[in-house]
Student: 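The structure that follows is given in the form of structure tokens.
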Amino acid sequence: MWCLRDVRVRYKQSFLGVLWAILQPLALMVMFTVIFSYLAPVPSGGIPYPLFSYTGVLPWSLFAAMIVAGVPSLAANITLVTKVKMPREIIPVGVALANLADFGVASILFVGMFLFYQITLSWTVLWVIPLLVIQTVLALGVVLLGAALNVIYRDIRFIVPLAMQLWMYASPIIYPVDLVPEQWRLLYFLNPMAATIDGYRRVLLLGVAPDHTALAFALAVSALLFVLGLGVFRKLEPTFADII
């Protein structure tokens with residue numbers, strides 16, 4: 001219910017409406033293609049770079065949007081936090097999950113790109129579901145932790161955009177995992193988004209299963225962060241009404 005409310009509010013009086021969901025990842029994909037396919041070429045393993053980059057940009061856009069929207073959600077809904085009796089984690093979780101609607105719309109372009117480049121999907125496409133679950137669990141962990149801390153430290157919302165930019169370049173969105181030296185690969189996969197984005201490329205573009213070790217790392221770190229975020233949120237929740 002909260003997700004539907006947030007989706008309606010987001011596109012109310014919007015000129016382009018749901019087209020924004022496509023334009024944002026599309027703009028990133030075009031920019032990355034121009035820079036990293038022509039100006040400073042980055043290897044893409046024989047995959048057309050627009051498709052290579054969009055496979056990373058699409059899940060990353062969902063992940064970043066969930067965090068950027070979810071972290072300041074408590075401070076942005078003061079009345080609900082102070083007066084309405086309900087589990088307050090519903091607010092940041094609902095705001096974050098509302099971005100799944102944008103993800104679904106932006107995926108339409110992805111389907112069109114597969115048809116254009118004549119890419120045939122295999123049974124490995126079923127891996128998209130657990131990959132999406134892992135990145136969603138990770139995002140909700142960050143959102144719950146960030147939303148709780150943002151009530152106390154309001155400058156958290158200014159840190160989030162910078163942190164997301166740094167996190168993006170620490171993930172294989174514009175470059176393949178193969179560019180990471182082998183001896184640093186396990187450390188690199190402690191970033192759950194590195195494993196999930198690499199997983200999306202494997203299952204969608206290469207027709208092979210994700211790297212099981214990397215995926216196990218991603219699942220473990222995401223689950224731990226979610227438990228930490230929920231624990232901190234519930235510990236600080238009794239103080240929200242007084243502080244906010």
Student: Taking side chain as C-beta onward, heavy atoms only, is Asp178 less than 4.5 Å from Pro43?
Tutor: no
Student: State whether the number of non-hydrogen atoms from other residues, nucleotides or ligands found under 6.0 Å of Ile129 atom CD1 is greater than 12.
Tutor: no
Student: What are the two closest heavy atoms between Ala209 and Arg202, and how far apart are they?
Tutor: O-CD, 3.7 Å
Student: So, do Leu140 and Val93 sit near enough that their side-chain heavy atoms are less than 4.5 Å apart?
Tutor: yes
Student: Can you spot which of Tyr200, Phe114, Tyr117 makes a side-chain contact (heavy atoms from CB on, under 4.5 Å) with Leu205?
Tutor: Phe114
Student: Could you give the distance from CG (Leu26) to OG (Ser61), rounded to the nearest 0.5 Å?
Tutor: 10.5 Å
Student: Any idea which heavy atoms bring Val68 and Pro72 closest together, and the distance?
Tutor: O-CD, 3.1 Å
Student: Rounded to the nearest 0.5 Å, how far apart are CD1 of Ile134 and CZ of Phe217?
Tutor: 13.0 Å
Student: Quick check: closest heavy atoms across Ala218 and Ala195, and the distance to 0.1 Å?
Tutor: CB-CB, 3.8 Å
Student: Indicate, with yes or no, if Tyr169 and Tyr49 share a hydrophobic cluster defined by side-chain heavy-atom contacts under 4.5 Å among Ile, Leu, Val, Met, Phe, Trp and Tyr.
Tutor: yes
Student: Any chain of hydrophobic side-chain contacts (each under 4.5 Å) joining Leu224 to Leu149?
Tutor: no
Student: Decide yes or no for Leu58 and Ser107: does some side-chain heavy atom of the first lie under 4.5 Å from some side-chain heavy atom of the second?
Tutor: yes
Student: Look at the side-chain heavy atoms of Ile, Leu, Val, Met, Phe, Trp and Tyr, link any pair under 4.5 Å apart, and say whether Leu162 and Trp60 land in one connected group.
Tutor: no
Student: Tell me, with the steps shown, if Phe103 and Leu132 meet side-chain contact (heavy atoms from CB on, under 4.5 Å).
Tutor: CA-CA 11 Å; Phe103 180 76; Leu132 183 59; 4.2 Å; yes
Student: Minimum heavy-atom separation for Val180 to Arg185, with atom names?
Tutor: O-NH2, 2.8 Å
Student: With the side chain counted from C-beta on, respond yes when Leu236 and Ile152 share a heavy-atom pair under 4.5 Å apart, and no when they do not.
Tutor: yes
Student: Should the pair Trp167 and Phe63 be assigned to parallel (<30°), tilted (30 to 60°) or perpendicular (>60°) ring geometry?
Tutor: perpendicular
Student: Quick one: pull up OG in Ser222 and CD in Gln135 and give me the separation to the nearest 0.5 Å.
Tutor: 9.0 Å
Student: Once rounded to the nearest 0.5 Å, what's the spacing between atom CG of Leu51 and atom CG of Leu204?
Tutor: 8.5 Å
Student: Can you tell if the side chain of Leu215 reaches within under 4.5 Å of the side chain of Trp127, non-hydrogen atoms only?
Tutor: yes
Student: So, for Ser73 and Val95, which heavy atoms are closest and what is the spacing to 0.1 Å?
Tutor: CB-CG2, 4.0 Å
Student: When you measure from the side chain of Arg201 to the backbone N and O of Thr55, does any donor-acceptor pair fall under 3.5 Å?
Tutor: no
Student: Taking the side chain as everything from C-beta on, heavy atoms only, tell me whether Val142 gets closer than 4.5 Å to Phe226.
Tutor: no
Student: Do Pro92 and Val71 have side chains that approach each other closer than 4.5 Å (heavy atoms only, starting at C-beta)?
Tutor: no
Student: Checking Asn99 side chain against Ala96 main chain: does a donor-acceptor pair fall under 3.5 Å?
Tutor: yes
Student: Go through Leu97 and Thr136 one step at a time and tell me if the side-chain contact (heavy atoms from CB on, under 4.5 Å) criterion holds.
Tutor: CA-CA 8 Å; Leu97 291 180; Thr136 300; 3.9 Å; yes
Student: With distance as the sole test, does Ser53 use its side chain to make a donor-acceptor pair with the main-chain N or O of Pro50 at under 3.5 Å?
Tutor: yes
Student: For residues Leu115 and Phe52: do they belong to one hydrophobic cluster (side chain heavy atoms under 4.5 Å, members Ile, Leu, Val, Met, Phe, Trp, Tyr)?
Tutor: no
Student: What pair of heavy atoms forms the shortest contact from Leu131 to Gly199, and how long is it?
Tutor: CD1-C, 3.6 Å
Student: Under 4.0 Å between a Lys/Arg side-chain N and an Asp/Glu carboxylate O for Arg234 and Glu237?
Tutor: no
Student: Say whether Leu187 and Leu179 are linked into one hydrophobic cluster, either directly or through other cluster members, by side-chain heavy-atom distances under 4.5 angstrom.
Tutor: yes
Student: Kindly indicate, with the supporting measurements, whether the criterion side-chain contact (heavy atoms from CB on, under 4.5 Å) is fulfilled by Phe32 and Val57.
Tutor: CA-CA 9 Å; Phe32 289 157; Val57 165; 3.8 Å; yes
Student: Check step by step if side-chain contact (heavy atoms from CB on, under 4.5 Å) holds for Val203 and Val128.
Tutor: CA-CA 7 Å; Val203 304; Val128 166; 4.2 Å; yes
Student: Whether the side chain of Ser44 engages the backbone of Ile47 through a donor-acceptor N/O pair (distance < 3.5 Å, no angle test) should be reported.
Tutor: yes
Student: Under a 3.5 Å distance rule, please check whether Asp155 uses its side chain to pair with a backbone N or O of Phe158 as donor and acceptor.
Tutor: no
Student: Find out whether Leu225 and Pro192 are in side-chain contact, i.e. whether some heavy atom of one side chain is under 4.5 Å from a heavy atom of the other.
Tutor: no
Student: Could you give the distance from CD1 (Ile174) to CZ (Phe36), rounded to the nearest 0.5 Å?
Tutor: 3.5 Å
Student: Output the distance between atom CG (Asp198) and atom CE (Met193), rounded to the nearest 0.5 Å.
Tutor: 11.5 Å
